[in-house]
Trainee: 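First the structure, then my questions, so here it is.
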There are 2 protein chains.
Amino acid sequence: MTDRIEADYLIETPVAPQDAAAVMAGEQSSGTFLKLSTETPELVERAAARVERVTLVDSRTTPSFGGGIASGRYSVAEVTLSWPLENLGPSLPNLMTTVAGNLFELRQLSGLRINDLRVPAAFTQANPGPRFGIEGTRRLTGVSGRPLIGTIVKPSVGLDAEATAALVTQLVAAGVDFIKDDELQADGPACPFAERVRAVMAVIERHADRTGKKVMFAFNLTGEVDEMRARHDLVLEHGGTCVMVSLNSVGLAGMLALSRGSELPIHAHRNGWGYLSRAGMMGWSYVAWQKFWRLAGADHMHVNGLRNKFCEPDESVMASARACLTPLRPEAPCLAMPVFSSAQTPLQAAETYAKLGSNDLIHAAGGGIAGHPGGAAAGVEAMRAAWDAASEGVPLEQAARQSAPLAAAIKAFGA
Amino acid sequence: MTDRIEADYLIETPVAPQDAAAVMAGEQSSGTFLKLSTETPELVERAAARVERVTLVDSRTTPSFGGGIASGRYSVAEVTLSWPLENLGPSLPNLMTTVAGNLFELRQLSGLRINDLRVPAAFTQANPGPRFGIEGTRRLTGVSGRPLIGTIVKPSVGLDAEATAALVTQLVAAGVDFIKDDELQADGPACPFAERVRAVMAVIERHADRTGKKVMFAFNLTGEVDEMRARHDLVLEHGGTCVMVSLNSVGLAGMLALSRGSELPIHAHRNGWGYLSRAGMMGWSYVAWQKFWRLAGADHMHVNGLRNKFCEPDESVMASARACLTPLRPEAPCLAMPVFSSAQTPLQAAETYAKLGSNDLIHAAGGGIAGHPGGAAAGVEAMRAAWDAASEGVPLEQAARQSAPLAAAIKAFGA
């Protein structure tokens with residue numbers, strides 16, 4: 001059964017879980033609402049999705065979401081379905097249709113979350129996967145043994161190319177390893193992509209010439225396929241080392257069209273993630289979702305951050321980050337570097353390290369660096385000191401005695 | 001203010017609605033969690049999103065979704081935001097990031113639904129829009145004055161190219177105007193796309209030579225960009241008149257890469273729609289969502305059907321269909337033909353017509369045609385008779401007296 005695709009779901013259903021699982025399998029393969037004479041036993045054996053496992057885990061008296069069959073009792077169950085690779089081949093867009101598709105609208109379900117999926121080796125063979133990943137990102141930035149300390153151009157929008165470059169001048173001088181465009185800044189008339197690349201790369205190259213340190217800047221090239229390809233080439237031509245794309249805005253086919261020809265790490269932004277996940281019993285777990293994008297070529301994956309400004313709890317953030325660092329398949333790990341961001345400061349370093357068990361990450365702080373009372377350079381120094389302390393097992397307060405910028409950060413950003 | 005983009009939301013918030021709206025506008029433009037000195041009044045005037053309207057409509061004591069700020073009272077309000085076109089230009093992927101983006105994760109919201117959006121003329125000018133639409137679809141099929149009667153290849157998966165062609169032989173003989181691949185059937189090893197096109201088009205061309213009627217077959221070319229382009233060319237080369245794509249599986253950049261070069265109508269499948277919409281207060285209304293895809297080139301848009309097998313209520317189906325037939329802008333209507341499907345039979349014709357006020361639609365019945373007791377030809381005849389009756393204002397039972405197939409359909413499919 002090594003050539004079958006498997007997907008794990010958490011379902012809530014007004015019918016017997018085994019029956020609901022059978023409807024799911026039928027809907028996503030050879031079944032329809034009428035039994036057809038052409039659906040022969042041979043065809044079913046060859047093409048039907050199979051119910052691999054059904055485990056009842058809970059029951060409720062009210063449904064999470066309406067529109068389904070009415071019942072006095074709603075069972076919550078874990079369901080695993082499988083499909084033969086022969087149905088679709090190792091195509092990521094068609095994998096999306098197969099494991100998600102119409103399932104979320106079934107009347108036999110009052111809730112459905114896709115928790116995980118497993119793909120045969122054909123998928124890692126046929127799809128690009130991360131071309132740079134952790135190792136490539138470390139090589140291009142010259143950063144080893146600690147996270148990349150990153151920051152974000154702010155205000156998100158409103159700065160033109162020259163003003164962006166002026167800000168980048170300050171940020172590279174402050175010692176950051178990584179800078180990213182905001183996801184709202186792509187190629188608008190107020191800050192054209194090409195002008196921004198030229199202005200910013202002049203600053204980064206000048207800094208690299210002077211210091212030997214080439215700061216990685218993730219230029220947001222989100223757009224149509226031909227635009228993204230041209231923008232990628234422009235970044236490459238100007239010595240840039242990273243491009244950024246909004247996954248939900250371009251989609252899988254767009255991402256693949258970019259990544260198959262890419263000679264730069266792809267920084268993958270997940271904006272829109274809320275409408276895919278926040279409803280809980282209706283949508284996607286990050287563990288399942290990020291596998292599509294790693295297969296499609298994401299080198300860095302956004303995972304939010306501990307004690308972030310959004311609604312996501314810390315355990316969910318850490319599960320997402322761990323997923324990015326978990327091999328997709330033993331022979332083809334396809335690891336992506338998790339990107340921690342949103343209201344991040346030196347105060348989250350130790351806990352992030354302890355919970356992740358790795359420093360293979362980008363720790364991005366916007367206000368946590370620019371808003372440091374001693375300025376951005378002190379902000380970067382404080383982030384680095386916090387990570388040094390975390391990896392050496394030194395408590396933050398103790399480390400702050402050796403680092404004035406860290407002490408100031410604790411005072412400014414501490415609870 | 002004609003050059004501003006506007007989006008309408010329904011929000012549920014633990015804070016004052018006006019404050020929540022201000023956070024939304026800040027998050028999606030120049031604001032961040034710290035007030036920056038670089039966010040000057042001039043920058044705000046130029047680049048900030050604006051809160052155009054806030055209208056309180058309801059309040060609740062429990063939040064629809066967790067993770068937000070705790071409160072004893074959650075206000076429900078309609079909010080309209082606007083953005084200057086200068087921030088992003090007429091780019092659909094970047095419009096997606098701008099109007100949706102991180103909003104759904106805000107702690108100041110316990111629910112968010114995007115209800116509608118309005119774009120300046122630059123968007124209809126810069127994007128392809130439907131190249132065929134209603135008029136082109138009618139021209140290619142030779143069907144006027146009534147809906148296209150359509151059907152779907154079933155079983156969805158499991159038939160190889162020859163078996164598909166054998167089924168299509170029966171369906172074209174039965175008199176259908178339109179046939180579509182199932183969304184699960186794209187280019188798997190068990191039924192390769194090229195083989196299917198060759199086998200099916202041979203049948204369709206033979207039938208056209210004999211009868212003068214060229215049945216429109218929507219070949220599901222969902223895949224990567226280069227694959228979709230090659231498949232489009234293959235369909236065109238073999239005399240095909242339609243291609244089908246799964247929107248959520250390829251994404252906006254993939255759709256645009258296909259549609260910009262397309263010489264065939266694009267039949268747009270919405271599978272995955274459930275995870276975007278079923279949670280109610282978390283996600284998308286079809287009215288907002290379909291505008292992206294019409295701008296991106298969808299000629300036919302799936303809208304489900306009355307009394308469908310899924311969870312969607314009838315009023316939602318009709319609102320979706322009406323949206324597809326509502327001009328995007330007065331000077332650039334970009335209308336798409338709505339596709340009614342899912343458990344459809346002749347019994348839904350009259351109500352569909354009455355509620356839509358138009359017969360510019362595709363009415364697709366799988367089991368409703370193949371499962372007709374008199375066979376597929378009788379199934380098609382019954383569908384046509386039901387639509388003739390609907391448009392002439394003749395009650396279905398009365399029409400059935402003149403049409404044995406319709407009478408049989410009522411008996412077989414009636415409640």
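Every chain is numbered from 1 and lettered A, B, ... according to where its sequence line falls, protein lines coming before strand lines. Since the model is a prediction, treat every value here as computed from it, not as a measurement.
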Trainee: Tell me, side chain or backbone of B:Met228 under 4.5 Å from chain A's heavy atoms, or both, or neither?
Mentor: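 Answer is side chain: those atoms of B:Met228 sit under 4.5 Å from chain A.
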Trainee: For chain A, which of B:Ala279, B:Gly89, B:Gly251, B:Ala47 has the most heavy-atom pairs under 4.5 Å?
Mentor: B:Ala279
Trainee: B:Glu183 and A:Asn102: side-chain donor and acceptor closer than 3.5 Å?
Mentor: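 On atom types as modelled, these side chains qualify, holding a pair under 3.5 Å.
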Trainee: Under 4.5 Å from any heavy atom of chain A, what part of B:Asn127 do you find: side chain, backbone, both or neither?
Mentor: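 Only the side chain of B:Asn127 comes within 4.5 Å of chain A.
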Trainee: Might you point out which heavy atoms bring B:Ala253 and A:Gly254 nearest each other, and give the distance in Å?
Mentor: CB-CA, 3.9 Å
Trainee: If you tally heavy-atom pairs under 4.5 Å against chain A, which of B:Arg260, B:Gln108, B:Glu42 wins?
Mentor: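 Option with the top pair count is B:Arg260.
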Trainee: If I measure from the heavy atoms of chain B, does A:Trp284 come under 4.5 Å with its side chain, its backbone, both, or neither?
Mentor: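 For A:Trp284, side-chain heavy atoms alone lie under 4.5 Å from chain B.
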Trainee: If you measure from NZ on A:Lys309 to CG on B:Leu106, what distance do you get to the nearest 0.5 Å?
Mentor: 7.5 Å
Trainee: For A:Arg278, which atoms come within 4.5 Å of any heavy atom of chain B: side chain, backbone, both, or neither?
Mentor: both
Trainee: Among the options A:Leu88, A:Asn304, A:Val157, pick out the one with the most heavy-atom pairs lying under 4.5 Å from chain B.
Mentor: A:Val157
Trainee: About how many Å separate CG of A:Asn87 and CD of B:Gln185, when rounded to the nearest 0.5 Å?
Mentor: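 Answer rounded to 0.5 Å: 7.5 Å.
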Trainee: Counting heavy-atom pairs closer than 4.5 Å to chain B, which one of A:Ser110, A:Gly274, A:Pro90 comes out on top?
Mentor: A:Gly274
Trainee: As an exercise: rank A:Leu92, A:Leu109, A:Ile114 by heavy-atom pairs under 4.5 Å with chain B and give me the winner.
Mentor: A:Leu109
Trainee: Give the member of B:Ser91, B:Gly223, B:Pro192 that has the highest number of heavy-atom pairs under 4.5 Å with chain A.
Mentor: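 The option with the most such pairs is B:Gly223.
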Trainee: In Å, rounded to the nearest 0.5 Å, how long is the span from SG of B:Cys191 to CD of A:Glu86?
Mentor: 11.5 Å
Trainee: Where does A:Asp187 contact chain B at under 4.5 Å (heavy atoms): side chain, backbone, both or neither?
Mentor: backbone
Trainee: Nearest 0.5 Å please: distance from the CG atom of A:Asn220 over to the CG atom of B:Asn94.
Mentor: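 So the CG of A:Asn220 and the CG of B:Asn94 are separated by 6.5 Å.
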Trainee: What residues form a side-chain contact (heavy atoms from CB on, under 4.5 Å) with A:Ala48, not counting sequence neighbours?
Mentor: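 Scan of A:Ala48 (side-chain contact (heavy atoms from CB on, under 4.5 Å), adjacent residues dropped) gives A:Ser29, A:Ser30, A:Val44.
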Trainee: Check whether A:Asp182 gets within reach of chain B through its side chain, its backbone, both or neither, counting any heavy atom under 4.5 Å.
Mentor: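 Contact with chain B: none, neither part.
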Trainee: Go through it in stages, so that I can follow the logic: the residues are A:Thr98 and B:Leu184, the test is side chain to side chain contact (heavy atoms under 4.5 Å, CB included), and I'd like the CA-CA distance, side-chain angles, deciding distance and then a yes or no.
Mentor: CA-CA 6 Å; A:Thr98 299; B:Leu184 294 166; 4.0 Å; yes
Trainee: Taking atom OH of B:Tyr275 and atom OH of A:Tyr275, what is their separation to the nearest 0.5 Å?
Mentor: 8.5 Å
Trainee: Can you tell which part of B:Arg113 gets under 4.5 Å to a heavy atom of chain A, answering side chain, backbone, both or neither?
Mentor: neither
Trainee: If you count heavy-atom pairs under 4.5 Å between each of B:Glu105, B:Met282, B:Arg46 and chain A, which one has the most?
Mentor: B:Glu105
Trainee: Among the options B:Arg107, B:Glu312, B:Met96, pick out the one with the most heavy-atom pairs lying under 4.5 Å from chain A.
Mentor: B:Arg107
Trainee: Given that the side chain runs from C-beta out, which part of B:Ile69 has a heavy atom under 4.5 Å from chain A: side chain, backbone, both or neither?
Mentor: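 No part of it gets close to chain A.
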Trainee: So which part of A:Met255 gets closer than 4.5 Å to some heavy atom of chain B, the side chain, the backbone, both or neither?
Mentor: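 Neither part.
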Trainee: Of the backbone (N, CA, C, O) and the side chain (C-beta and beyond), which part of A:Leu43 lies under 4.5 Å from a heavy atom of chain B, both, or neither?
Mentor: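 Looking at A:Leu43, just its side chain touches chain B.
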Trainee: Please look at A:Leu258 and chain B and tell me whether the side chain, the backbone, both or neither of the residue comes under 4.5 angstrom of a heavy atom of that chain.
Mentor: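 Neither part.
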Trainee: Counting heavy-atom pairs under 4.5 Å to chain A, which of B:Gly66, B:Gly68, B:Pro155 comes out on top?
Mentor: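 Going by pairs under 4.5 Å, I would pick B:Pro155.
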Trainee: Using heavy-atom distances under 4.5 Å, tell me whether A:Ser246 contacts chain B through its side chain, its backbone, both, or neither.
Mentor: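 When you check distances to chain B, only side chain atoms of A:Ser246 fall under 4.5 Å.
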Trainee: If you take all heavy atoms of B:Thr222 and A:Pro93, which pair is closest and at what distance?
Mentor: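 Where B:Thr222 meets A:Pro93 most closely, the heavy atoms are CG2-CB, 4.0 Å.
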Trainee: In Å and rounded to the nearest 0.5 Å, what is the CZ to SG distance from B:Phe104 to A:Cys311?
Mentor: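 Here the rounded value is 11.5 Å.
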